[in-house]
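Beneath this line is the structure, given in C-alpha cells, with notes to follow.
Computed from a predicted model, the values in this text were never measured in an experiment. In what follows, every heavy atom counts, from backbone to side chain, and hydrogens, waters and symmetry copies are set aside.
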Amino acid sequence: MKRIALVFFLLAGIAFSASAQSLTVFIYDTDGPYTNIRNAPKGKVVGKLPTNSDAMFNVVKCVNGWWQINKGEYWQPDDETGKLKGSTTGYWVHKSCIAVSTRNYGGQKLLLRNTPSHQGAVSYSFKDETMLRPIDIKGDWIKVQTFDGKHAGWIESEWLCGNSVTNCN
C-alpha cells in the first residue's frame, strides 16, 4: 500500500511540474494591424488580436516555433481580460509575434547559456534591458533569441518580464 501511495505522489508531482511550466509574454508584432491566433501550429486562423493592444498571455509549450496559449486567455494592462473563441484544439501564436523584456533594471549582467543549466557555457552576455523572442521552455529556463537573430541561449525565467507596459518590479 505504501508503494502505491508513493507512486501516486511521484506521478502527481510530475504532472504538477509539467503543468506549471509557463511563461507570460506580450504581443510584439510589426507585421500588420493584427496578430493571428491559430487552432494549431500553421493551422487555421481562429482569432486576431490588435498588434497595438498590449495584450499579454501565458504560453505553455513551443512546437516548431509556435507557442500554445494557456487556456486561450489573454489580458490587457487595464485589467481587461478576454477568452479566445473558435477552436476546440487550442490556440497558438508564432514566436515572431511575441516578446519578453529583461528584468536587469539595476544594470545586472545577464547571461545566455548554451544549455538550460548554470553549468552551460555562456553564449552571450549583456547589461542593457532588452526585448527578446522566446523560442523554447524547459522548467524555469527559457530559450530566447535577440531581435537581430545574432544571439540565442537559455536564461532563467526570473530575469524575464512578460508585461508590455510595466517593468514587473
Side-chain angles (χ1 to χ4, degrees), residues 7-32 34-51 53-77 81-103 110-121 123-124 130-147 149 151-164 168:
V7 169
F8 173 78
F9 285 115
L10 286 173
L11 290 174
I14 290 168
F16 176 78
S17 65
S19 65
Q21 181 173 284
S22 70
L23 175 69
T24 301
V25 299
F26 55 88
I27 290 179
Y28 190 82
D29 187 354
T30 58
D31 190 29
Y34 295 98
T35 297
N36 290 332
I37 306 298
R38 299 177 183 267
N39 66 347
K42 296 183 183 180
K44 177 183 167 193
V45 174
V46 293
K48 294 176 182 266
L49 292 173
T51 55
S53 70
D54 293 320
M56 297 168 272
F57 36 84
N58 287 322
V59 290
V60 292
K61 69 178 175 179
C62 189
V63 176
N64 297 324
W66 292 86
W67 283 93
Q68 185 176 28
I69 299 171
N70 190 30
K71 300 178 184 175
E73 298 173 342
Y74 66 94
W75 63 93
Q76 296 179 319
T81 60
K83 183 100 170 129
L84 298 166
K85 296 179 176 133
S87 175
T88 59
T89 57
Y91 299 92
W92 297 79
V93 63
H94 193 263
K95 70 179 181 181
S96 65
C97 301
I98 59 173
V100 292
S101 49
T102 59
R103 296 173 53 135
L110 297 184
L111 307 174
L112 299 185
R113 298 183 178 274
N114 62 6
T115 60
S117 163
H118 289 287
Q119 287 71 44
S123 59
Y124 183 64
T130 189
M131 286 196 306
L132 301 164
R133 297 266 188 221
I135 54 178
D136 201 358
I137 186 170
K138 286 191 181 175
D140 290 333
W141 289 85
I142 312 299
K143 189 170 188 180
V144 294
Q145 183 177 44
T146 57
F147 273 70
H151 307 284
W154 294 90
I155 187 170
E156 290 175 287
S157 61
E158 70 184 69
W159 289 107
L160 302 176
C161 175
N163 193 313
S164 56
C168 293

Looking at Cys161 and Phe26, what are the two nearest heavy atoms and their distance?
O-CE2, 3.9 Å

So CZ of Arg103 and CG of Asn163: to nearest 0.5 Å the spacing works out to 10.5 Å

For Ile135 versus Lys95, what's the shortest heavy-atom pair and its separation?
CG2-CD, 3.5 Å

So Asp136 and Trp154, do their side chains get closer than 4.5 Å, heavy atoms only?
yes

Hey, does the side chain of Asn39 reach the backbone of Val46 with a donor-acceptor pair shorter than 3.5 angstrom?
no

side-chain hydrogen bond (donor to acceptor under 3.5 Å, both in side chains) against Thr35, all qualifying residues, sequence neighbours excluded
Asp29

Can you confirm whether more than 12 heavy atoms, excluding those of Tyr34, are under 6.0 Å from its OH atom?
no

Does Thr51 reach the main-chain N or O of Ile27 with its side chain, forming a donor-acceptor pair under 3.5 Å?
no

Could you measure the distance from the CG atom of Leu23 to the CD1 atom of Ile137? Nearest 0.5 Å is fine.
5.5 Å

Look only at the side chain of Ser123 and the backbone of His151, and say whether a donor-acceptor pair between them is shorter than 3.5 Å.
no

Of all heavy-atom pairs linking Met131 and Tyr28, the shortest is CE-CE1, 3.3 Å

How close do Gly162 and Cys168 get, counting heavy atoms only, and between which atoms?
N-SG, 4.0 Å

Please report the interatomic distance OG1(Thr115) to NZ(Lys143), rounded to the nearest 0.5 Å.
10.0 Å

Leu132 versus Phe147, closest heavy-atom pair with distance
N-CE1, 3.6 Å

Ser117 OG to Lys138 NZ distance, which is reported to the nearest 0.5 Å
11.5 Å

Look at atom CG of Asp31 and say whether more than 12 heavy atoms of other residues, nucleotides or ligands are closer to it than 6.0 Å.
no

Are there more than 12 heavy atoms of other residues, nucleotides or ligands under 6.0 Å from atom NZ of Lys83?
yes

Does a side-chain heavy-atom distance below 4.5 Å link His118 with Glu156?
yes

How close do Val93 and Asn36 get, heavy atom to heavy atom, and via which atoms?
CG2-O, 4.2 Å

Let me check something: any side-chain donor-acceptor pairs from residues 54-77 under 3.5 Å, sequence neighbours excluded? List them with distances.
from	atom 1	to	atom 2	distance (Å)
Asn58	OD1	Thr24	OG1	2.5
Trp67	NE1	Pro134	O	3.0
Gln76	NE2	Ser53	O	3.4

Is there a side-chain contact between Thr130 and Thr146 in this structure, where contact means two heavy atoms from C-beta onward sitting under 4.5 Å apart?
no

With distance as the sole test, does Arg113 use its side chain to make a donor-acceptor pair with the main-chain N or O of Ile155 at under 3.5 Å?
no

